[in-house]
Amino acid sequence: MATSLSSVIHITFLDTKTTQRRFITPSKSHRKFLVNSSKSTPDTPLTPISDNKKNSSLSDQLASLANTTLSTVPEDQPEILSKPNPTWVNPTKAKRPMLSQQKQKRSSVSYNPQLREFQQFAQRLNNCDLSNEEEFMACLEEIPTTSLSRVNVLLVLNSLRPWQKTYKFLNWIKSKDLIPMETIFYNVTMKSLRFGRQFGIIEELALQMIDNGIEMDNITYSTIISCAKKCNLFDKAVHWFEKMYKMGLMPDEVTFSVILDVYARLGKVEEVVSLFERGRATGWKPDPITFSVLGKMFGEAGDYDGIRYVLQEMKSLGVQPNLVVYNTLLEAMGKAGKPGFARSLFEEMVDSGIAPNEKTLTAVIKIYGKARWSKDALELWKRMKENGWPMDFMLYNTLLSMCADVGLLEEAETLFKDMKQSEYCKPDSWSYTAMLNIYGSEGDVVKAIKLFEEMCKLGIELNVMGCTCLIQCLGKAMEINDLVKVFNIYVDRGVKPDDRLCGCLLSIVSLSQGSKDQEKVLGCLQRANPKLVAFIQLIADEETSFETVKEEFKSIMSNAVVEVRRPFCNCLIDICRNKDLLKRAHELLYLGTLYGFYPTLHNKTQYEWCLDVRTLSVGAALTALEEWMATLAKIVKRDEALPDLLLAQTGTGAHKFAHGLNISFASHLRKLAAPFRQSEDKVGCFIATKEDLVSWVESNSPSEFVAT
DNA sequence: CTAGGGTTAG
């Protein structure tokens, strides 16, 4: 009797509710995924923090599962669902298997030397011009029909490419009716079609098989499903998986891992884990490929607990990770932001005797670069050279990007020179972008411009990130005429400015306050994001009401990607302060806080309140300080509770944007005559006691700087 | 690509 997928999934969820799960359950990671899965995009609606709801609840996720897989309860309902109370499942009862323990065996096809005749025939067909239909058909008629057998047909089907030829040959065999059609003929043809991403034709063939009573086996289904996946037709993939159960066929481990990957790519972590655990509960021992699928999924979700779950499961089942599994898990560790665990996993891999390949090293170098671990990155680089570990183009570029991330100027220049001299790893737009990034952050205008000219001369593709690096470099050096020139070349060449580039221009607008240059930069910004320029004009007009500002602010920020929202807000505050529009600056800080751009600005414990301005621009930090002092003054005056210690943190200025923040902050503290003093053992930390604060309030009239 | 599944860049 057929087991439907619907019932299988249903049972799985009942299991999780009614029985102890016997196998390690990453329920924590589920929850974490639900939080992480609400990745913000430019489309993310902007909601004030107070009524910020969870983007995706568990029931929402389960609802989608119900809609996709529970909707089709078949006529032959398994007994468990026909019982009056189907919500109870006896945990000790043997579980209904949901996948076959045995991988489908292939029929052995022996390729004998007597097949030379057909090899030559296939060769001739392959030499035919694809666009010349008649030539191909004429060639087909020359087939040596006397010795036509299934083995010969298979040989030809396997040798033909591209897919059009395989497909034509299958149809021809079928139409000639010389030999009974077999499953394997379809399977081989489908594989060829999958290379050409021809899902439509594959589906047509599948329906044909059903019509003609040709058995579809696990190889057929896994090919269909993986083709749908390759074509991003995930609904089709799920459809054929369900169909398989309905047809009474149990998936084997290959088909099962394919469908797990389908759900994983849809971000349906719950479903993947449920299917996986259900399979595990019926005695299935997953292989490394399945673990690789799970590892990638948890990496995409940034779910460290999930990755650890994969490692634990492998260990407890005695499955030794292979090279691909390690590569996937290392990549996943990077995405989950765990450089330390990535490092130990990498060492574990090398210790276990598996030699890293290009992908391994690319993943690890990238992680070290992003974590700014220059020591580890350099050490690994040295080991790569000593051990003669393989290098490829992507690894070269990743090393360059790493140099940009950790600030290794000379190493990058050597590497770049090596690439230019190499035969197969010539620098491309990625390599040039990395170099622009380095010169940009070094502030080396001359070298950056020289590189840009070289790119133009060599016809290297220009991209928006390179543009941003150049603009940042020229902006910091206040080379505004060159900046405008470079910007226009990029845009004229079809590069579309993105939010980061706009943020970069916006910060230069704030830096060029009061000079003629500001108009020039605004001109660039006008071309990139006219709404942003209109907003600057709006807030600069003192007549504009707060309500109008709020509305436009919301619209601007909703249209911007999440990563730039705080920088945008910082720059806008700076612009206002430069124009002496203090009230507006406070309004913008208020709005930024309201929409959650400054979640860590205030940290309170019973003993200590801390104002952390480390991610704020100078203007925003000063505005936040004023706001805080006014609030504290109010609290003192109202005689409300205060902690013993008050802290303000600006950081050390090690971050490239935070230069001078602590100096400006200290000077503003003096201007306000605020009672904070620089901490002796912590740079960038300002301290005041409750007593300091109270006596300061009593001897001052702080209302004079309270802007709102 | 010798009938099916997994891994590399802001």
Side-chain angles (χ1 to χ4, degrees), chain A residues 103-111 115 119 122 150-151 153-163 166 182-196 216-227 229-230 251-262 264-265 286-297 299 321-332 334 356-367 369-370 390 392-402 404-405 428-431 433-434 436-437 463-466 468-469 498 500 563:
Chain A
K103 188 168 165 178
Q104 183 185 323
K105 290 205 177 64
R106 301 177 182 209
S107 61
S108 56
V109 178
S110 56
Y111 292 98
L115 299 166
Q119 273 170 348
R150 73 183 287 274
V151 177
V153 166
L154 276 176
L155 177 87
V156 176
L157 280 172
N158 268 314
S159 316
L160 289 180
R161 57 196 61 114
W163 60 270
T166 326
E182 290 184 37
T183 302
I184 191 170
F185 297 168
Y186 281 90
N187 289 349
V188 176
T189 307
M190 282 184 180
K191 186 180 174 185
S192 176
L193 286 162
R194 195 187 53 187
F195 270 100
M216 290 170 73
D217 60 15
N218 258 287
I219 296 176
T220 321
Y221 280 107
S222 60
T223 311
I224 296 170
I225 295 166
S226 63
C227 179
K229 189 176 75 178
K230 202 173 173 186
D252 68 3
E253 62 171 341
V254 175
T255 316
F256 203 68
S257 70
V258 176
I259 202 66
L260 286 181
D261 196 31
V262 168
R265 277 167 208 234
D287 65 0
I289 295 180
T290 309
F291 285 116
S292 174
V293 166
L294 288 190
K296 184 176 179 189
M297 172 186 77
N322 61 20
L323 179 62
V324 178
V325 172
Y326 272 119
N327 288 351
T328 311
L329 290 175
L330 284 168
E331 186 90 6
N357 69 2
E358 297 89 335
K359 288 177 187 177
T360 322
L361 298 166
T362 300
V364 180
I365 284 288
K366 189 180 145 198
I367 289 168
K370 273 169 74 179
D392 66 0
F393 183 57
M394 233 180 244
L395 182 50
Y396 261 114
N397 275 342
T398 305
L399 281 166
L400 268 187
S401 302
M402 178 273 290
D405 284 336
D428 70 343
S429 75
W430 285 86
S431 334
T433 305
L436 284 175
N437 192 358
N463 62 36
V464 67
M465 189 180 168
T468 307
C469 295
D498 63 2
R500 288 166 194 274
E563 307 92 86

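The figures here come from the full heavy-atom set of this structure, side chains too, leaving out hydrogens, waters and symmetry mates.
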Choose from B/dC1, B/dG6, B/dG5 the nucleotide whose nearest atom is closest to any side-chain atom of A/Thr290.
B/dG5
Take atom CZ of A/Arg194 and atom C1' of B/dC1, then tell me their distance rounded to the nearest Å.
8 Å
Describe the nucleic acid contact of A/Thr220 in one word from base, sugar-phosphate, nothing, applying a heavy-atom distance below 4.0 Å.
nothing
Which part of the nucleic acid does A/Thr183 contact within heavy-atom distance under 4.0 Å: base, sugar-phosphate only, or nothing?
nothing
Residue A/Gln104, side-chain heavy atoms: nucleotide from B/dG10, B/dA3, B/dG6 that is nearest
B/dA3
Nearest-Å distance, CD1 (A/Ile289) to P (B/dG5)?
8 Å
Sugar-phosphate only, base, or nothing, as touched by A/Ser257 at under 4.0 Å among non-hydrogen atoms
base
Could you give the distance separating B/dT2 and B/dT7 at their C1' atoms, to the nearest angstrom?
24 Å
Taking any heavy-atom pair under 4.0 Å as a contact, classify A/Arg161: base, sugar-phosphate, or nothing.
base
Here the distance between atom P of B/dG6 and atom CZ of A/Phe256, to the nearest Å, is 16 Å
Here the distance between atom C1' of B/dT8 and atom CG of A/Leu329, to the nearest Å, is 15 Å
Gap in Å between the two P atoms, one belonging to B/dG6 and one to B/dG10, rounded
22 Å
All heavy atoms of A/Gly466 vs all of A/Thr433, minimum pair found to be N-CG2, 3.7 Å
From the candidates B/dG6, B/dG10, B/dG5, the one with an atom nearest any side-chain atom of A/Lys103 is B/dG5
Is the positively charged end of A/Lys359 above the ring of A/Tyr326, judged by distance under 6.0 angstrom from the centroid and angle within 45° of the axis?
no
Between B/dA9, B/dG6, B/dG10, which one does the side chain of A/Ser292 approach most closely?
B/dG6
Are A/Arg194 and A/Ser226 linked by a side-chain donor-acceptor pair shorter than 3.5 Å?
yes
Below 4.0 angstrom from OP1 or OP2 of B/dG10, is there any side-chain N or O of A/Lys366?
yes
Indicate whether A/Phe291 forms a stack on B/dG6; treat it as stacked only if centroid distance is below 5.5 angstrom and interplanar angle below 30 degrees.
no
Considering only side-chain heavy atoms of A/Asp392, which listed nucleotide, B/dG6, B/dA9, B/dT8, is closest?
B/dT8
By side chain to side chain donor-acceptor pair (under 3.5 Å), which residues pair with A/Ser192, not counting sequence neighbours?
A/Thr166
Taking the side chain as every heavy atom from C-beta outward, state whether A/Glu563 and A/Arg500 have any atom pair closer than 4.5 Å.
yes
Checking B/dA9, B/dA3, B/dT7 against the side chain of A/Arg265 (C-beta onward), the nearest is B/dT7
Measure from the side chain of A/Asp428, starting at C-beta and using heavy atoms only, and say which of B/dT8, B/dA9, B/dT2 lies closest.
B/dA9
Nearest of B/dA3, B/dT8, B/dG10 to any side-chain atom of A/Lys296?
B/dT8
Round to a whole Å and report the spacing from CD1 of A/Ile225 to P of B/dG5.
12 Å
If the C1' atom of B/dG5 is compared with that of B/dA9, how far apart are they to the nearest Å?
25 Å
Has the side chain of A/Asn327 got a donor or acceptor that lies under 3.5 Å from a partner of the other kind on the base of B/dG6?
no
Taking only the side-chain heavy atoms of A/Asn463 (C-beta and beyond), determine which of B/dG10, B/dA9, B/dT7 contains the nearest atom.
B/dG10
Rounded to the nearest angstrom, tell me the gap between atom CG in A/Leu160 and atom C1' in B/dA3.
15 Å
With a 3.5 Å cut-off and just heavy-atom distances, do the side chain of A/Asn397 and the base of B/dG10 make a donor-acceptor pair?
no
Just checking A/Thr223: base, sugar-phosphate only, or nothing, at a heavy-atom cut-off of under 4.0 Å?
sugar-phosphate
With respect to the side chain of A/Val254, which nucleotide from B/dA3, B/dG5, B/dA9 is positioned closest?
B/dG5
Ring pair (Phe, Tyr, Trp, His ring centres under 6.0 Å) involving A/Phe185 - partner list, sequence neighbours excluded
none
A/Asp217 near the nucleic acid: base, sugar-phosphate alone, or nothing, with a heavy-atom cut-off under 4.0 Å?
base
Nearest-angstrom distance from the residue atom NZ of A/Lys230 to C1' of B/dC1:
9 Å
Heavy atoms only, 4.0 Å cut-off, all strands: where does A/Val188 land among base, sugar-phosphate and nothing?
sugar-phosphate
If I take atom CD in residue A/Glu358 and atom P in nucleotide B/dA9, what distance separates them, rounded to the nearest angstrom?
14 Å
Show, in sequence, the C-alpha distance, side-chain angles and deciding distance for A/Met402 and A/Thr398, and conclude whether the side chain to side chain contact (heavy atoms under 4.5 Å, CB included) test is met.
CA-CA 6 Å; A/Met402 178 273 290; A/Thr398 305; 5.6 Å; no
Minimum heavy-atom distance between A/Ser292 and A/Thr328, given as atom pair plus value
OG-OG1, 3.1 Å
Describe the nucleic acid contact of A/Val464 in one word from base, sugar-phosphate, nothing, applying a heavy-atom distance below 4.0 Å.
nothing
Please classify the nucleic acid contact of A/Asp498 as base, sugar-phosphate, or nothing, using heavy-atom distances under 4.0 Å.
nothing
